[in-house]
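Okay, so here's the structure we're looking at.
Per chain, numbering begins at 1; letters A, B, ... match sequence-line order.
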Amino acid sequence: MKPTDTSNPDYFHKVVDCQWACPAHTDVPEYIRLIAQGRFSDAYIENRKSNVFPGILGRVCDRPCEPACRRRRVEDTPVAICRLKRVAADHRDDIRDRLPQAASRNNGKRVALIGAGCASLTVANDLRPLGYEITIFEALDATGGLMRSNIPRFRLPPKVLDEEIDYILDMGVDLKLNHRIDSMRELLDEGFDAVFVGTGAPRGKNLEIPGRYDSDNIHIGIEWLESVAFDHIDSIGKNVLIIGVGNTAMDCCRTSLRLGANDVKVMARKPRGFFKASDWELEDAEEENVEILVNHSPKNFLIEKGKLVGMTFELMEYKIDEAGRIDRGTVTGEKVIPCDDVILAIGQDNAFPWIERDIGIEFNEWECPIVDEETMMCGRDGVFFGGDSAFGPKNIIWAVAHGHEAAISIHKYCQNESLQDRLPVGVNLASQKMGMHEWSYSNDYDPAARRLMPHVDLKERFKKLDIEVELGFTIEQTIQEVERCLNCDIQTVFAAKLCIECDACIDICPVNCLTITENGDEADLRARLSAPAENHDQALYVSDDLPHTSRVMVKDEDLCVHCGLCAERCPTGAWDMQKSTVLIPYATDEAADEQLQPAAPAA
Amino acid sequence: MSYIRKPAVSHPKLARNKLGLTARDYEGTVSTLCAGCGHDSVTAAIIRAVFELNIEPHMLAKMSGIGCSSKTPAYFVSQSHGFNSVHGRMPSVTTGASAANRTLTYIGVSGDGDSLSIGVGQFVHAIRRNLNMCYIIENNGVYGLTKGQFSASADIGSKPKKGLPNQQEPIDAVSTALSLGATYIARGFSGDKEQLIPLIQGALMHDGFALVDVISPCVTFNDHEGSTKSYKHTRQFYHHVVDADFVPPAEEIRAAYKEGSAMPIELHDGSKIVLRKIDQNYDPTSRARSFKFLRDHVNAGEITTGLLYINEERKEMHDLMGNIDTPLSEYPLEKLHPGNGELKKILSRYR
Ligand SMILES: Cc1cc2nc3c(=O)[nH]c(=O)nc-3n(C[C@H](O)[C@H](O)[C@H](O)COP(=O)(O)OP(=O)(O)OC[C@H]3O[C@@H](n4cnc5c(N)ncnc54)[C@H](O)[C@@H]3O)c2cc1C
Ligand SMILES: Cc1ncc(C[n+]2csc(CCOP(=O)(O)OP(=O)(O)O)c2C)c(N)n1
Ligand code: SF4
Ligand code: SF4
Ligand code: SF4
Ligand SMILES: [Mg+2]
């Protein structure tokens, strides 16, 4: 293999598994260390830089970082990254004076944002400091998008939402609530310099089977949740069936329990392991005694005397092949399950009835606009998409990531710069050695198991709709959980010319990451390392030829626990532990200094 | 040395031996030697060797004297027996231990100072008795523990960190052992585990005295320019003569060898050592020719390594003396101590 090119910023970035997996590339290990030091406000600000809504995301983020966490490969459970984010948010001081500030003068450019969800709010957050005038058009009477209308209050309290949304609106945004955009053409005629579409994927999928329109007790999940959120619905029947087993289904079943249902069944077409819902959402629902029935495929609604009395399901059997793929299944029988209400939670579609098809914006067969994945601009210059509206339903953190990219593009577009000519991601490295056996970080491996989130008592929590179930980590739990982080951003950096091939690093490495051997191609090398290197998603770090024997040092990045022992045992400092800081450019970084004049503090 | 212990976390796919143990189970406490010391590498090689041989920790006895090298038994197989003796006296303590219990596997770890300076008399007599043990000398040419004075293995002309070069003839452990009739003689290098591990395995399984002289650089006091025991010098003058592969009992020889280049030797327990001649001029079974070859190469400044001599014929101490197999602690007291009457009977035989 060729020596690894560690000057490519992606190399070390990828070692920080959580940060690499996070769409917004939040610097997780850095904020966890700040929490460990009790610097909650700093940890909050570190989070906010990239993910804008730490308090919200610390509760409800889809957390793609956690399955990616290195700790999951070393033992079973990842670091409770998301829970720790909430700790930073819960314990922060008043940080308002550390937030981005609007520029003192507007730059004369007007940008329209459609929808007041997290995607649009991120764009506003990034562009107000550059002096852009922002107008947000929102169809509903409230900001927040699905975060407010669909994510139930027992998971995300309105106070948390309001606080973090106000941080942005307080920079001075022209917010037009109850203002649905019905025609894109008309809006474009209003002469905005750029338009951002952050309208989400607003249409809940329907289930066209017999009886669907014969009762008022069959609801579409996201519409029903919205009605509950805005107090238009405050009760439901005793026996409720939820169709589908994604995250929306989890919110529907748990909400039903709080509106008077006492028997809630989630009906899954496929077996466990093929559910769309995240494990933790499933766990939380099952803790509330929601029953999940697998291999039930809906056939028809049963209506008696105009009243919904149940549903017929086909009982399914599936074959799963060696690669874990499931077939279409065969029907083995039928079953009737009685119920009073049914909630359909089988997915969402994009819908843009209000965008004319002859104004240069193209759509694919799923009604998704054709959008450039890097610039977020569509076929019509000056119109940008982000969040669920761009590529179909995802989650909050993706919407935020899109918002950041779109903000850079909007800025470049308005300044007549090339949208492709963006600042590259960079990486800084700094040695963390403090003394002979002293590192700037807590390098010892802590074998503690993941801490469990304390919940409000099962009886207590159903008394009101808005009792937040998760209590947040205690200080004791926080102290233990922060130590589980492996500090993956403290990189092992190798200088081949210093190595005397004494083997000390190889012998001490607790997880057998290191090997000195003859070079070879990757497949060959992987088979000759100190321990099996079977995870091809993780890189091999291959050195230049070593001075004494022309062999190479090979590190399998897969399981390194960043304990620093290799560097500590190295007599020549050939290994060093260096902190990598990934430099993600934002709109403010793209802007010239004079575009960034913060408002003078109020006298 | 390190302030944190080597974490207990390990690679989830670590190999297990026939006892169900991983190599990590054969570790000891964390080393307090200088970072980069060759001795730590030898420790790692011992761990691998013992792990692969499926030795039960409680059937191993680790013996040592004084020195950095002699400290290392603390760093491997924590759950075995051990004795850290007086400087240079490890061989006699091992002799006594072995006399009392020959069922244990004895591994002695010593230094060039411990074995060739203060302890040379003991070393010589252990060979003479053909004591059944694996005797490792971690050879760095200096007294590491007392801050780097030359030992008896220092080469003429080797430069110290400060002061004048060594003027005295070195004692070469390998030729000394050969001249005394040792039955298994090997030399390795801490920086070449691939060669070293099978050498240690053969030594552990050999019946009789097995010497493994390991060049094991002292990074702190003898790894500079002008030292003949540095990593760099050793690599430069390193000469593989006969490499060995160890094949456990009842296992087929699986590696493919070139016609005529491999020579299997069966050990008493049915395991095999396959000798691979790297230097065709060498014959590891002839004492006389080996002696000359080694002397010539030492004089030429070369470091000859590999399994340099082996003789499976000579009996080890216990067999020579017709001793019983049972450990004395398990032997019934009335037999072990037959009483005054019996003693008188025996003595009367010699009157
Ligand atoms: C039940 C449910 C639970 C979820 N739970 C989570 C979770 O726990 N974690 C997570 O990360 N994600 C979750 N999601 C997904 C997440 O909410 C979305 O991915 C995210 O909100 C998308 O943000 P957005 O800004 O793109 O759009 P949205 O949040 O959908 O906001 C779009 C806004 O645009 C407005 N709008 C739409 N059309 C117009 C128009 N023509 N004119 C003016 N305004 C308009 C809408 O009223 C809305 O306010 C959940 C989704 C659902 C349905
Ligand atoms: C009877 C006695 N004399 C002298 C010493 C001092 N002493 C301690 S270690 C040592 C030399 C050890 O050298 P070596 O065996 O080569 O071990 P190394 O430290 O080099 O591995 C000496 C002379 C001692 N401990 N006991
Ligand atoms: S930091 Fe070094 S010693 Fe520790 S696990 Fe990683 S490679 Fe191994
Ligand atoms: S400890 Fe340092 S000098 Fe020794 S092999 Fe490792 S990198 Fe090379
Ligand atoms: S002094 Fe020398 S022999 Fe002792 S631990 Fe340090 S490097 Fe090893
Ligand atoms: Mg020595």
Side-chain angles (χ1 to χ4, degrees), chain A residues 71-76 435-439 442-447 486 499-513 515-518 528-535 546-551 556 558-575, chain B residues 1-15 22-24 27-28 30-48 72 75-76 140 189-194 196-197 215-221 223-224 227 230-238:
Chain A
R71 186 99 189 182
R72 239 197 88 203
R73 303 198 293 275
V74 178
E75 50 173 73
D76 278 347
M436 274 271 269
H437 310 288
E438 212 182 336
W439 301 99
S442 169
N443 60 323
D444 201 359
Y445 180 88
D446 190 325
L486 297 173
C499 176
I500 57 171
E501 298 172 56
C502 69
D503 278 5
C505 53
I506 291 163
D507 297 336
I508 196 73
C509 177
V511 282
N512 304 66
C513 292
T515 310
I516 296 181
T517 186
E518 314 294 334
R528 291 195 276 120
L529 301 182
S530 307
E534 292 162 359
N535 184 355
L546 299 177
H548 285 191
T549 64
S550 301
R551 295 180 296 170
D556 177 11
D558 188 21
L559 294 168
C560 170
V561 295
H562 297 262
C563 64
L565 281 174
C566 49
E568 213 164 291
R569 295 302 296 173
C570 179
T572 65
W575 281 114
Chain B
M1 91 153 263
S2 177
Y3 281 137
I4 66 164
R5 278 187 300 163
K6 182 167 172 172
V9 57
S10 64
H11 193 292
K13 292 208 173 146
L14 267 195
T22 68
R24 295 289 313 264
E27 286 177 353
V30 73
S31 167
T32 59
L33 302 186
C34 306
C37 178
H39 301 354
D40 282 336
S41 232
V42 182
T43 298
I46 294 172
I47 289 173
R48 276 249 59 105
T72 64
Y75 313 144
F76 60 86
N140 54 15
F189 169 39
S190 66
D192 185 356
K193 286 203 195 71
E194 235 171 277
L196 181 57
I197 293 168
I215 309 301
S216 173
C218 169
V219 274
T220 302
F221 299 112
D223 194 38
H224 43 270
S227 153
S230 66
Y231 282 105
K232 204 168 162 195
H233 182 97
T234 308
R235 288 210 165 92
Q236 214 168 341
F237 293 93
Y238 199 51

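- Note that NZ of B:Lys13 and CD of A:Glu534 are 3.5 Å apart. Values are rounded to the nearest 0.5 Å.
- Looking at A:Asn443, the atoms closer than 4.5 Å to chain B (heavy atoms on both sides) sit in the backbone and in the side chain alike.
- When heavy atoms are compared at a cutoff of 4.5 Å, A:Glu75 does not approach chain B at all.
- Between A:Pro571 and B:Ala35 the shortest heavy-atom distance is CB-O, 3.2 Å.
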Verify salt bridge (Lys or Arg N to Asp or Glu O under 4.0 Å) between A:Asp444 and B:Arg5, making sure each step is shown before the conclusion.
-> CA-CA 8 Å; A:Asp444 201 359; B:Arg5 278 187 300 163; over 6 Å; no
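- Interface residue A:Cys509: only backbone heavy atoms are found under 4.5 Å from chain B.
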Please walk me through it: do B:Val219 and A:Ile500 pass side-chain contact (heavy atoms from CB on, under 4.5 Å)?
-> CA-CA 10 Å; B:Val219 274; A:Ile500 57 171; 4.0 Å; yes
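- Without hydrogens or angle criteria, B:Arg24 side chain to A:Pro510 main chain gives a donor-acceptor distance under 3.5 Å.
- Contacts with chain A were tallied for B:Ser41, B:Ala45, B:Ala44, B:Gly191; B:Ser41 has the most, counting heavy-atom pairs under 4.5 Å.
- For A:Pro532, the parts lying under 4.5 angstrom from a heavy atom of chain B are both the backbone and the side chain.
- To the nearest 0.5 angstrom, A:Ser442 atom OG is 9.0 Å from B:Ile4 atom CD1.
- No donor-acceptor pair closer than 3.5 Å links the side chain of B:His11 to the backbone N or O of A:Leu559.
- Nearest approach of B:Lys6 to A:Ile508, heavy atoms of both residues: CE-O, 3.0 Å.
- When A:Asp558, A:Thr549, A:Asp503 are compared by the number of non-hydrogen pairs under 4.5 Å with chain B, A:Asp503 comes out ahead.
- Here the straight-line distance linking atom OG of A:Ser530 with atom CZ of B:Arg48 works out to 8.5 Å at 0.5 Å rounding.
- No other option in B:Ser230, B:Ala8, B:Ser10 has as many heavy-atom pairs under 4.5 Å with chain A as B:Ser10.
- Ranked by heavy-atom pairs under 4.5 Å with chain B, the first of A:Ala531, A:Ala504, A:Cys513, A:Cys505 is A:Ala531.
- For the atom pair CG (A:Asn512) and OG1 (B:Thr22), the distance works out to 9.0 Å, reported to the nearest 0.5 Å.
- Considering only heavy atoms from C-beta on, A:Arg73 stays 4.5 Å or farther from B:Pro12 through its side chain.
- Side chain of B:Arg235 to main chain of A:Glu501: a donor-acceptor pair is present (N/O by atom type, distance under 3.5 Å, no hydrogens or angles).
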Chi angles and distances behind the side-chain hydrogen bond (donor to acceptor under 3.5 Å, both in side chains) call for A:Asp507, B:Thr43 = CA-CA 9 Å; A:Asp507 297 336; B:Thr43 298; over 6 Å; no
